[in-house]
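Let me begin by presenting the structure, written as structure tokens, before commenting on it.
Predicted model only: the values in this text are computed from it and were never measured. Throughout, a chain's letter reflects where its sequence line sits, starting with A, and its residues are numbered from 1.
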Amino acid sequence: MSYHEKVFSVTKKIPRGRVTNYGAIADFLALGSARMVGWALNQSHFREDIPAHRVVNSKGELSGRLQFTTPTLMQELLEKEGVEIVKDKVKNFKEHFWHPGDHLDQTLYE
DNA sequence: ATTGTGACATACG
DNA sequence: CCGTATGCCACAA
């Protein structure tokens with residue numbers, strides 16, 4: 001299993017309406033670093049089933065939006081899931097943040 | 001082997 | 001807020 005496939009499998013588990021960042025995934029895998037995740041995710045747009053739009057940088061910015069078929073697609077997908085985007089950044093980033101490995105959706109019980 | 005290039009993160013000034 | 005520096009490591013040339 002190649003590195004990016006591992007990143008993909010983690011990314012695929014990101015719950016709908018939640019987001020995470022590159023460092024968190026790298027940390028969870030305990031392999032490589034955030035750069036590796038960025039590199040891996042860069043390859044992800046070749047795959048259909050990878051919700052790469054749920055992965056943003058540490059500031060909550062949609063840094064990878066330019067890799068999508070259209071620069072606005074990433075934002076549109078997130079908003080469709082209930083994640084508000086303001087100026088290419090996730091609003092209430094902390095609230096929507098998802099820690100890899102957290103299979104329990106905490107906001108589900110609020 | 002060496003160099004350049006990343007959808008990054010963190011720290012510092 | 002911005003620019004720099006550094007750590008990180010896969011991959012192509």
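Contact check on A:Arg54 versus A:Glu81 returns a salt bridge, with a Lys/Arg side-chain nitrogen under 4.0 Å from an Asp/Glu carboxylate oxygen.
For the pair A:Lys6 NZ and C:dA10 P, the interatomic distance rounds to 11 Å; values are reported in whole Å. Here the P atom of nucleotide C:dA10 and the OH atom of A:Tyr22 are 19 Å apart, to the nearest Å. The distance between atom NZ of A:Lys89 and atom P of C:dC1, rounded to the nearest whole Å, is 7 Å. Between the P atom of B:dA7 and the CZ atom of A:Phe8 lies a distance of 14 Å, rounded to the nearest Å. Atoms CG (A:Leu73) and C1' (B:dA7) sit 14 Å apart, rounded to a whole Å. Atom-to-atom, CG of A:Leu29 to P of C:dC8 comes out at 17 Å; the value is rounded to the nearest Å. A:Asp27 places its CG atom 13 Å from the C1' atom of B:dT10, with the value rounded to the nearest Å.
Judged by distance alone with a 3.5 Å cut-off, no donor-acceptor contact links the side chain of A:Tyr3 to the base of C:dA10.
Between A:Ser58 and A:Phe93, the closest heavy-atom pair is O-CE2, 3.5 Å. A pairwise comparison of heavy atoms in A:Val37 and A:Tyr22 identifies CG2-O, 3.6 Å as the closest pair.
Judged by distance alone, with hydrogens and angles left aside, the side-chain atoms of A:Arg65 form no donor-acceptor pair with the main-chain N or O of A:Pro71 at under 3.5 Å. A:Ser44 places no side-chain N or O within 3.5 Å of a backbone atom of A:Ala52 that could act as its donor or acceptor partner.
To the nearest 0.5 Å, the span separating CD on A:Glu5 from CD1 on A:Ile50 amounts to 9.5 Å.
If you check residues 36-61 of chain A against DNA chain C, the residues with a heavy atom closer than 4.0 Å are A:Met36, A:Trp39, listed by number.
A residue-by-residue look at A:Ser33 and A:Ser2 shows that A:Ser33 has its nearest nucleotide of DNA chain C further toward the 5' end.
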